[in-house]
Every structure is written in structure tokens, then in C-alpha cells.
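Read through the structure below, which is laid out as C-alpha cells, and then see the notes.
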Protein chains: 2
Amino acid sequence: MVNSVLARVGDKWSVLVVTILADGPRRFNELKRQIGGVSQRMLTLTLRGLERDGLVTRTVTPSIPPRVDYELTDLGRSLQRHAIALAGWAIENQSVIEGARKAFDERHAASS
Amino acid sequence: MVNSVLARVGDKWSVLVVTILADGPRRFNELKRQIGGVSQRMLTLTLRGLERDGLVTRTVTPSIPPRVDYELTDLGRSLQRHAIALAGWAIENQSVIEGARKAFDERHAASS
DNA sequence: CAGAATCCTACGAGATACTG
DNA sequence: CAGTATCTCGTAGGATTCTG
């Protein structure tokens, strides 16, 4: 359970969707355009997963053409805050981590 | 970059390793035993990744038999705090999420 | 427009065997 | 003990096609 939540935060598409929805509701193709590089399939699956977990709501307006809006729930927003905190940590320590990676890679290039 | 950090937190083995190392240094096979269900390969890869990012240190004692200790760095501990915060969130909202999932699944079982 | 269904492929990850 | 190397298989995920 805890694990599946952590997996959500580690999932690229979920994070991007939640980030965009933080600015307000979006329609399916708006999301698709703003994310760019996501397949219809993955976007659908991601949205289903988020909806299933109660992180976003899916509102269908039965018109022609049909219209579907996705929006963050309160739960979704509270998770987003934590994701942002983590992203903040990543940004703060970005140079440290990059330095560590570089040093590691050089150490291992030398041993080859 | 931010994404790769989020992926770390979403990675099952990385989280488990970091959690165990929070209690103090461990040797390779100690980790393997305590985690249980991880293959040598995945544990090795996970540790390499964590080491590369500067989250754990790898200390080799050249004896026979060889001895290798893994330990969290300060950076690793600071990340672990965030992971714990997130896990706390997951635990707090566990029932909400499970309820959402159950409702969602029932809603979709009905439509079949 | 929003999505379901299908096909196809690359990669993640387990099992096993070998080594310093 | 602490790995590396290889083989194999399942599945995540992209491209494409079809529909209410």
C-alpha cells in the first residue's frame, strides 16, 4: 500500500499530470498537448490510475463532441504538495548529486 | 534530474535498502537476508545506483573473505526523511485511498 | 473529442552458474 | 563473501487502427 503510493510519485506520467492539473482542470487532449510525448494509451492508463486512487476526478459532459474534464481532488493536492517538497529537495541537492555521479563515473572509467 | 530522484523514491528496492541502512551500516549479505526476496543482481544494481548518486558509501575491507559495508551518507539520510514523510502521508490517507479504489472497482464491475 | 482494442518490441528483472 | 556474466521471460509502453 505505502509502496503503491511511492510508485505513484516515482511514475513520470503521474507526476506530470498532477503537476499540470495543479494549475486547474484540463480536458484530455489539453493534457496530452501540454505533456507532449505521451501516448494516448499511457495518458489514459495514468488518468485511470489517478482516478482510481481518488487523486483526480473525471467529469463527463455528454455532448457532441463529448467533453471530459480532469481535476485534482483535495487528496490529489495534498499529495502534490509532498511531491513538490521532494522535487525541491532534488533541486537543492542537484549539484551534489550530479557531482557524485560524475565522480563515480570517472572512478569507473579509470578502472576499465 | 528531478525525475531521476523521484524514480529513486518510487523504486521498491532502493526504498527498502535505504530504510534498512537507516538503522546503521550493513554488509551485502546482511542486506540481502533482511530484504528477502531480492536477487543478487537487483541488490547489486540498486546499491550501485545509490552509491552513484552519493546516497550510500561502499567500504571495502580487503580480507579473506572480503568484506564490504554499505552506509547511508548525510545526503542519503536527508532523502530518507522525505521518503518517510511521504510514507507517513500514505499511512494517514490509507483508508481514503483504499476506499476510493474499492468504490472505483465496484463502479467498474457494475458496468461489465 | 475521448477512448478501447490490438499488435509489437525493448527493456526490467529473476534464475543460474562462475570467479577473485 | 561479494560480486559478475549470461540466458530467459514477462510486461511496460509506443504505434496504429477503430468507435460512440
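Sequence lines set the chain letters: A, B, ... in the order given, protein chains first and strands last, and positions in each chain run from 1.
- Salt bridge annotation for Glu71(A)-Arg77(A): absent, with no cationic side-chain nitrogen under 4.0 angstrom from a carboxylate oxygen.
- Here the P atom of nucleotide dA2(C) and the CD atom of Glu30(A) are 8 Å apart, to the nearest Å.
- Not a single salt bridge (charged side-chain N to carboxylate O under 4.0 Å, His left out) links Arg26(A) to another residue, sequence neighbours left out.
- Between Lys32(A) atom NZ and dG3(C) atom P there is a gap of 12 Å when expressed in whole angstrom units.
- The shortest distance between the side-chain N/O atoms of Arg27(A) and the OP1/OP2 oxygens of dA2(C) is below 4.0 Å.
- Within the 4.5 Å cutoff, the side chain of Arg8(A) has heavy atoms near those of the Leu55(A) side chain.
- One finds no salt bridge joining Arg101(A) and Glu51(B) here, because no Lys/Arg side-chain nitrogen approaches an Asp/Glu carboxylate oxygen to under 4.0 Å.
- Classification of Arg58(B) and Asp69(B) as a salt-bridged pair fails, no side-chain N sitting under 4.0 Å from a carboxylate O.
- To the nearest angstrom, P of dG20(D) lies 18 Å from CZ of Phe28(A).
- In this structure, Leu79(B) and Val18(B) have side chains that are not in contact, with every pair of non-hydrogen atoms separated by 4.5 Å or more.
- As a whole-Å value, the separation of Ile35(A) CD1 from dG13(D) P is 14 Å.
- Atom CZ of Arg26(B) and atom C1' of dA2(D) are 17 Å apart (whole Å).
- If you take CG of Leu31(A) and P of dA2(C), they are 9 Å apart, rounded to a whole angstrom.
- Straight-line distance from the CD1 atom of Ile64(A) to the C1' atom of dG20(D): 9 Å, rounded to whole Å.
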Point to revise | Sugar-phosphate or base contact per nucleotide [nucleotides 4-20 of chain C; S, B, -; heavy atom under 4.0 Å] | key: B--------BBB-B--B

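- Between Tyr70(B) and dC1(D) there is no side-chain N or O to OP1 or OP2 distance below 4.0 Å.
- When the P atom of dC1(D) is taken as reference, atom CG of Leu47(B) falls 16 Å away, rounded to whole Å.
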